[in-house]
S.K.: 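Structure incoming, see below.
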2 protein chains.
Amino acid sequence: MREATELAKSKETKPAVRDPEGVRRDILTVAMEEFSQNGLSGARIDEIAARTKTSKRMIYYYFGDKEGLYQRVLEEAYGKVRGGEHDLELDGLDPIAALDKLCRFTFDHHRANPAFIRMVMVENIHHGRHMQMSKTIRDLNQPAIEELEKVLRRGQASGLFREGVTSLELHWQISALSFFNVSNSATFSLIFGGDLFTDEGQHRLSRHVAEMVLRYVLRPDHLGSIPTGMQ
Amino acid sequence: MREATELAKSKETKPAVRDPEGVRRDILTVAMEEFSQNGLSGARIDEIAARTKTSKRMIYYYFGDKEGLYQRVLEEAYGKVRGGEHDLELDGLDPIAALDKLCRFTFDHHRANPAFIRMVMVENIHHGRHMQMSKTIRDLNQPAIEELEKVLRRGQASGLFREGVTSLELHWQISALSFFNVSNSATFSLIFGGDLFTDEGQHRLSRHVAEMVLRYVLRPDHLGSIPTGMQ
DNA sequence: TGTGATATGTACTAATTGGTTAATTAGGAG
DNA sequence: CTCCTAATTAACCAATTAGTACATATCACA
């Protein structure tokens, strides 16, 4: 398949007159911003079109209707965020360091991707209706738990972690803390002040989230080995 | 002030012909359902009006415009949910039991008020723009932390809880776990299955959230005193 | 170089939607 | 009973918005 998108790469200096894939990407990028900012019904097709290099007509040409576009944007959001966990190389670390690293990574990763968070918020308002039809998204997320599962098993096998903790619940807890931190920062900081949301406050929270998770899984006699995170 | 709303109560058997306060309530109730279900821009004034005993005109008469109605609904949501913490009588319990009770209550309370959760989700999508202008809401939430602060102080004074834990962060953590449980149940259960969201799964989660918080604040030598929650 | 399929620009539309105008009725104070 | 104000009804409107019809240009390939 030709890739006029990657302009410099193609030998024959493809003039960007007609670049279907580029148009698609352009639309998706702008649409993600609009949908994540205004929600499904809040976003305006005309506004998306206006901010694109293309026209409204092309949106319908490529994505059918508003919901079709929204659904592709949602998949795009999940696709772009998931998978980062793989590059962590947790296997080389001892279970405690690995779990600590995974927690912090998850926290920071969520924080670095507010558009994704907002898309998920929007989709939850819609009861996950559009995700149901997307097999892609469901598959994309299994790896997230598998990494955790491996660490957990190692920790339990070595006697560092207590039994009775499941990777599913643990993932739920880590996700909750990391997600809420972004999703509810507006209301939370309006009510309780913005101290937790300064760079410094966020760094502290990141450490404490990891600490909370570790204290939850560690056997009491190993609580001394919790990393300080002050490197 | 007369209360034609409470029909049976008034001696003179006020015929409900003209009941301003009742009309207001009617509108607010329906609007809360619509806004929490469809968001600010997703909700339709016509639909709200249709489901009301009154007419669209009255919505504008009492609330000015759509945003005005939304804002009052938001305040209503906060008002209805907050304040429940006060009746817990935590002072009569030892710090561990008190914190345990507070965590479980918060978790269950969030779960019992999905409309409130959804309103907060929606408001966060809008960056808390409408909350900013409502002094009411900000004031309403201070008590939530004060109860926690008292328990925390008692626990630290008696040597049961470790130092270095602030009530603000702790409240953030408890809120995160309790909120996410409701806000993201749709997407989470679609991806990872619904096991956590059965009655049984939720009961387990409730216990584990409390356990997580307790393990976080307890000094290691008191970890043995964590309640099982099996009563 | 011709040809069918893919891609794009312009202009339009039908329906929805937030909001209003103006006239009417009930309630309460004097 | 009167009269002013608050509450209510019914019809109406202007603007927005998702979606389309149709003509046209470009491409891949024979």
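Here is the naming used below: chain letters follow the sequence lines, and residue numbers restart at 1 for every chain.
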S.K.: Over how many whole Å does the gap from B:Tyr60 atom OH to C:dG19 atom P extend?
M.R.: 4 Å
S.K.: Over how many whole Å does the gap from A:Glu21 atom CD to C:dA7 atom C1' extend?
M.R.: 13 Å
S.K.: Could you state the interatomic distance from OH (B:Tyr78) to CG (B:Asn141), rounded to the nearest 0.5 Å?
M.R.: 6.0 Å
S.K.: Within this structure, what is the CG-to-P distance between B:Asp19 and C:dG27, rounded to whole angstrom?
M.R.: 11 Å
S.K.: Just wondering, do B:Phe188 and A:Leu168 contact through their side chains at under 4.5 Å, heavy atoms?
M.R.: yes
S.K.: Begin from the C-alpha positions of B:His126 and A:Gln37 and carry the test side chain to side chain donor-acceptor pair (under 3.5 Å) through to its verdict.
M.R.: CA-CA 8 Å; B:His126 294 278; A:Gln37 207 65 355; over 6 Å; no
S.K.: How is B:Arg44 classified with respect to the nucleic acid when contacts are heavy atoms under 4.0 Å: base, sugar-phosphate, or nothing?
M.R.: sugar-phosphate
S.K.: May I have the distance from A:Asp46 (atom CG) to C:dT16 (atom P), rounded to whole angstrom?
M.R.: 17 Å
S.K.: Ring centres under 6.0 Å, that's the criterion: do A:Tyr216 and B:Tyr216 meet it?
M.R.: no
S.K.: What's the closest nucleotide to the B:Arg57 side chain, out of C:dT21, D:dA18, C:dG18?
M.R.: C:dT21
S.K.: Any side-chain N or O of A:Ser55 below 4.0 angstrom from OP1/OP2 of C:dT8?
M.R.: no
S.K.: In whole Å, I'd like the distance from the CD1 atom of B:Ile27 to the P atom of D:dT9.
M.R.: 10 Å
S.K.: Rounded off to whole Å, could you give me the CD1-to-P distance for the B:Ile45 and D:dT16 pair?
M.R.: 18 Å
S.K.: B:Ile59 has an atom CD1; how far is it from atom P of D:dA10, in whole Å?
M.R.: 15 Å
S.K.: Could you tell me whether the side chain of B:Lys56 has a donor or acceptor atom within less than 3.5 Å of a complementary atom in the base of C:dG19?
M.R.: yes
S.K.: Nearest of D:dA7, C:dG9, D:dG19 to any side-chain atom of B:Tyr61?
M.R.: D:dA7
S.K.: Of the options D:dA7, D:dG19, C:dT17, whose atoms approach the side-chain atoms of B:Tyr62 most closely?
M.R.: D:dA7
S.K.: Base, sugar-phosphate, or nothing for A:Ala43, non-hydrogen atoms under 4.0 angstrom?
M.R.: sugar-phosphate
S.K.: Tell me whether B:Glu76 contacts the main-chain N or O of B:Met32 through its side chain, where contact means a donor paired with an acceptor under 3.5 Å.
M.R.: no
S.K.: Tell me the interatomic distance from B:Leu40, atom CG, to C:dT17, atom P, rounded to whole angstroms.
M.R.: 14 Å
S.K.: Taking the side chain of B:Met58 as its heavy atoms from C-beta onward, which of D:dG19, D:dA7, C:dG9 lies nearest to it?
M.R.: D:dA7
